[in-house]
Amino acid sequence: MTELPKTFDPADIESRWYAHWEDEGLFRPERPGAEPWTIVNPPPNVTGSLHIGHALDNTLQDILVRHARLKGKDARWVVGTDHAGIATQMVVERQLNAAGQKRTDFTREAFVDKVWEWKAESGGQITRQLRRLGCSMDWANERFTMDEGFSKAVLKVFVELHRQGLLYRDKRLVNWDPGLGTAISDLEVETKEVRGNFWHLRYPLADGSGFIQVATTRPETMLADMAVAVHPEDARYKALIGKQVKLPITGRLIPIVGDEHADPELGSGAVKITPGHDFNDFEVGVRAGIKAGEMLNMLDAKAAICQTQDGLVPAELIGLDRFEARKAIVQRLRDEGFLVPFVDKEGAEHDAEPRTIQTPYGDRSGQVIEPWLTDQWYVDAATLAKPAIEAVRSGATKIVPKSWEKTYFNWMENIQPWCVSRQLWWGHRIPAWFDADGQAYVAETEEEAQAQAGEGVALTRDPDVLDTWFSSALWPFATLGWPENSDPTLGGRYSNDVLISGFDILFFWDARMMMQGLHFMKEVPFKTLYLHGLVRAADGQKMSKSKGNTVDPLGMIDKYGADALRFFMAAMESQGRDIKMDEKRLEGYRNFATKLWNAARFCQANGIAASKHLEAPTAELAVNRWIIAETIATVQALDLALADLRFDEAANSIYQFVWSRFCDWYLELIKPLLQGEGVAAADAEETRAVAGWALDQILVMLHPFMPFITEELWSKMGPREHDLIVAKWPMADARALDPSAAQEIDWLIRLVSEIRAARTELNVPPGARLALHVRDASAETVARLARQEAALARLGRVDQAQGDAPAGGALQLVVDEATFVMPLGDVVDLEAERARLAKAIAAAEKERDGLAGRLGNPSFVERAKPEAVEKARADHAEKAAEAERLSAALARLG
RNA sequence: GGGCGCGUAGCUCAGUGGUAGAGCACUGUGUUCACACCGCAGGGGUCGCUGGUUCAAUCCCAGCCGCGCCCACCA
């Protein structure tokens, strides 16, 4: 047993213990035959650094892993990083730019090598930071979404999905990011409301019989218009259907078509159709019989104007950026009389009507997204979604909190084809080869593709890579050895036990793991999906670098210790709510750690040491039997809370137990037994044994939340057979519960509390010792008073006296059947005591009368649950008796 | 337009069909060598508003007000 310093210094112990655990392989001790328990960590981006959201996410996971490990399971927390295609490519490109270079100065191979170099140097930052939080991950088997095994899994999945017809190449509109020069998925598009304009155009009918008016937010796209649509039943336009319009500027002849898409209520009721540059118009175009290959395209990859297939775009517009082109085209339309001016309320004329419009932006680049006609690879998500929906309906995967199920279903049921190809260099290269005619051959190797295509056919590999989420969707099984490992349960680790993620990646990641996991493993990837919220700034705002209101978790660890930060996260994690950063609270949990530290110091100083046994020691004294029962009750509460993933309840249970039960009462109550004179040696010994045992249980129970301080104290309390991280979780043994001991200590606590409150209220000097007389005491109370004499003397500063109290001023209080009288002689302010008693009487009477009122209501007695009536009767009798005894005490005061 | 969530003590948050809790902050006080990052005692809430269901509602239902988030093709 090593003596503990007076102040707890987290920094001193954290790195020491972490290194020890990791070096000794304690994050995944050998446990042959033990029940496997598995959780996979959401792989952070290699470009990332630990932010406060990671701190929450990983704390919750570590609590579950450590709990499972303490319970003796073969717990494994799979860890690794994600190659994060776009993000990582951007980081490396930015570095090149800073050095005056650019990506295209290099060959693809050379650039990708540079990214790997960057990854080797900087990609480990976040995993080092996770260690500071105390995360007990299986580092020995760390994975990367582009490591060799993973790449095999990705190839296999791509090829199989293709063979099954669930992955295909298609020409359709895609969300194109002109800044990054790649397609992105629906989920990577953020729609924002921006101030924009609404231009009203009039298109001349080809036969010269007049005009048809249309409105648009994107006038420049008129260069690729292929129709004007009106509602088939719209009386105003019905006769025009089938006529031709001669487009301004290009002079192209386009038809007026009838289509349900045109809403007679909106604008003029007629709408220009640009199938190559608008998702709605694409559908209208298809219905009008236009094939994707024929749709006019007027933009290049950078969203500058290019010549359309029919060559009708005037040369002076070619090469203009889309926003420049808009200005030029509006001006020309105005000059040529095709722009209908907007007249505002004051009667003034403008080119356009101001209006807020929904505009799509790329979530990475911040660029306005262009619907663009390209060939891309798509996954038939709707088909894969069906089993994923069913799995949640049947409960095979339970979503916690349940309220997210609806969101999950809603998204899954309306899911669109998932565009998985990206025009980037960094990522999993698509295993497809094209011949000269553009025919694709999909295979795991070039040889196989060649075999499909036939001898001598020249093949070129698809230059594109896969969406990062395509690979991370395989994380729950590809990290466990699939596909080499053909065991359908992957050694009992698939399905994973639980997945913890922020709700912000429910669609990006969780849903896609469900789809891929069910498709390839025929089982759900995880039995429970726990979704937590965001960590927000103190003022409730979302944290962001641009706002400059981020809180650095490492800074919090430096200031308060990792244990305090972890406990904060756990205590604040109630299901379904975001967490607001509250540094005062964090400070409070730092204080909690110090409190525990000092409790352990007290134990050390009083000969209390590491328990020799797992089971609770046998005990005779009520106080010891009571703390054993309280410990058991806390284990039960913790197990329940953790099973329900109620991290806040779990944290609060152990917090309350440690501070309010163990420190505030138990340690105070046993002081006379440890330090008093004339204590039987057996009693002192029993108490030391029980206290040591209870402290041990506290350390084990608190360990998942506060691993560092608990491990330190565990080691300092005496010799141990093993480290705390691999200790045994307490057994919730109901046999240790003792109602009579609990009742006695409960009575003692109430009596001491009453004495203290009364003393304070009457301004009895803290140091003054009072004589304690009792009247109307039952035999049980008399016995308890005798047994608890030392505790009462110490905590209440009272000395028990025989016989009735002498007449005169006294402090009186009622606990259960007995009235306690503490004579105060001349010191007492009789008026103050009368007032105090009167207040107590009033309170008891108020409750009594309230209960009487309820009992006097016939419908309550008739219709309420019998136990509710019974309880009301009992409470009423008790309150009535209390009021009477207090009144008697008041009367005695004279 | 659809969906979800939130509104409980000054602040941050739990909570239950039977008259409300925690941490911090606040007030008073400090005898007892574990701890002032502490102890003891205390004040403080018409549980957003309005109806309804019920013997009984902060908790269930409906509407309203306020706040936030997600999804969606109004040109």
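Note that this is a predicted model, so its numbers are computed, not measured. Side chains included, hydrogens not; waters and symmetry mates left out as well; all remaining heavy atoms used. Every chain is numbered from 1 and lettered A, B, ... according to where its sequence line falls, protein lines coming before strand lines.
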| note | From CD of Glu587(A) across to P of G23(B) the rounded distance in Å is 15 Å

Heteroatom pairs (N/O) under 3.5 angstrom, protein to nucleotides 41-44 of chain B:
none

| note | Separation of G18(B) atom P from Glu862(A) atom CD, nearest Å, is 21 Å

| query | So what does Trp659(A) touch, heavy atoms closer than 4.0 Å: a base, only the sugar-phosphate, or nothing? | reply | sugar-phosphate

| Check: Glu668(A) side chain, A34(B) base, donor-acceptor under 3.5 Å | yes

| task | Tell which nucleotide pairs with G1(B), taking only Watson-Crick or G-U wobble pairs whose two distances are both under 3.5 angstrom. | result | C71(B)

List, with names and distances, any nitrogen or oxygen atoms from the protein found under 3.5 Å away from nitrogen or oxygen atoms belonging to nucleotides 1-4 of chain B.
| residue | atom | partner | partner atom | Å |
| --- | --- | --- | --- | --- |
| C4(B) | OP1 | Lys406(A) | NZ | 2.9 |

| field | Arg566(A) charged N/C atom sitting above Phe705(A) aromatic ring, 6.0 Å / 45° | value | no

| task | Look at the rings of Phe198(A) and His200(A) and say which category their plane angle falls in: under 30° parallel, 30 to 60° tilted, over 60° perpendicular. | result | perpendicular

| query | Are Lys595(A) and Phe8(A) in a cation-pi contact, defined as NZ or CZ under 6.0 Å from the six-membered ring centre and within 45° of the axis? | reply | no

| message | I want to confirm an ordering. Mapping Gln656(A) and Arg797(A) to their closest nucleotides on RNA chain B, which one lands closer to the 5' end? | response | Gln656(A)

| Under 4.0 Å: is that the gap between some side-chain N or O of Arg646(A) and OP1 or OP2 of G15(B)? | yes

| query | So does Thr594(A) reach the base of C37(B) with its side chain, donor to acceptor, closer than 3.5 Å? | reply | yes

| message | Once you apply a heavy-atom cut-off of 4.0 Å, does Gly269(A) come out as touching a base, just sugar-phosphate, or nothing? | response | base

| Nucleotide paired to C33(B) in any strand shown, Watson-Crick or G-U, under 3.5 Å | none

| Does Arg585(A) make a side-chain N or O approach to OP1 or OP2 of C11(B) shorter than 4.0 Å? | no

| said: So, does Lys865(A) get its side chain near the phosphate of G18(B), meaning an N or O under 4.0 Å from OP1 or OP2? | reply: no

| When you check the phosphate oxygens OP1 and OP2 of A34(B), does a side-chain N or O of Arg601(A) lie under 4.0 Å from one of them? | no

| task | Just name whichever nucleotide pairs with G51(B), Watson-Crick or G-U, keeping both distances under 3.5 Å, else none. | result | C61(B)

| request: Let me know the distance between OH of Tyr655(A) and C1' of A22(B), rounded to the nearest Å. | output: 9 Å

| task | Measure up the Phe592(A) and Trp659(A) rings against each other and bin them: parallel (under 30°), tilted (30 to 60°), perpendicular (over 60°). | result | parallel

| Once you round it to whole Å, what is the distance between P of C73(B) and CG of Leu173(A)? | 13 Å

| said: Counting the atoms with a prime plus P, OP1 and OP2 as sugar-phosphate, which does Asp281(A) contact under 4.0 Å by heavy atoms, base, sugar-phosphate, or nothing? | reply: nothing

| query | Where do Tyr589(A) and Tyr560(A) land on the ring pair (Phe, Tyr, Trp, His ring centres under 6.0 Å) test, with the steps shown first? | reply | CA-CA 8 Å; Tyr589(A) 293 126; Tyr560(A) 302 104; over 10 Å; no

| query | Among C70(B), C55(B), G18(B), which nucleotide sits nearest the side chain of Phe507(A)? | reply | C70(B)

| task | Tell me whether the OP1 or OP2 atom of G7(B) has a side-chain N or O from Arg577(A) closer than 4.0 Å. | result | yes

| message | Applying a 4.0 Å non-hydrogen cut-off, can you work out what Gly850(A) is touching in the nucleic acid: base, sugar-phosphate, or nothing? | response | base

| Is any side-chain nitrogen or oxygen of Asn414(A) closer than 4.0 Å to OP1 or OP2 of C71(B)? | no

| message | With nearest nucleotide decided by heavy atoms, which residue, Lys671(A) or Lys584(A), maps closer to the 5′ end of RNA chain B? | response | Lys584(A)

| Rounded to the nearest Å, what distance is computed from the CZ atom of residue Phe279(A) to the C1' atom of nucleotide A72(B)? | 14 Å

| Using a cut-off of 4.0 Å on non-hydrogen atoms, how would the nucleic acid contact of Arg355(A) be classed: base, sugar-phosphate, or nothing? | sugar-phosphate

| task | Could you check whether the rings of Trp404(A) and Phe503(A) sit parallel, tilted or perpendicular, using 30° and 60° as the cut-offs? | result | parallel

| message | Measure CG/Leu586(A) against P/A22(B) and give the value in whole Å, please. | response | 22 Å

| message | For a quick test of reading the model: is some side-chain N or O of Arg854(A) closer than 4.0 Å to OP1 or OP2 of U19(B)? | response | yes

| field | Whole-Å distance separating the CD1 atom of Ile698(A) from the P atom of A34(B) | value | 17 Å

| field | Nearest to side-chain heavy atoms of Asp582(A), which nucleotide of U19(B), A34(B), G23(B) | value | G23(B)

| Over how many whole Å does the gap from Phe8(A) atom CZ to C35(B) atom P extend? | 17 Å

| task | Remember a base hit wins even if backbone is also touched, and classify Ala262(A) as base, sugar-phosphate or nothing at under 4.0 Å, heavy atoms. | result | base

| When we call it a touch if two heavy atoms are under 4.0 Å apart, what does Arg218(A) touch: a base, just sugar-phosphate, or nothing? | nothing

| task | Please determine, for C40(B), whether a Watson-Crick or G-U wobble partner exists with both distances under 3.5 Å, and give it or none. | result | G28(B)

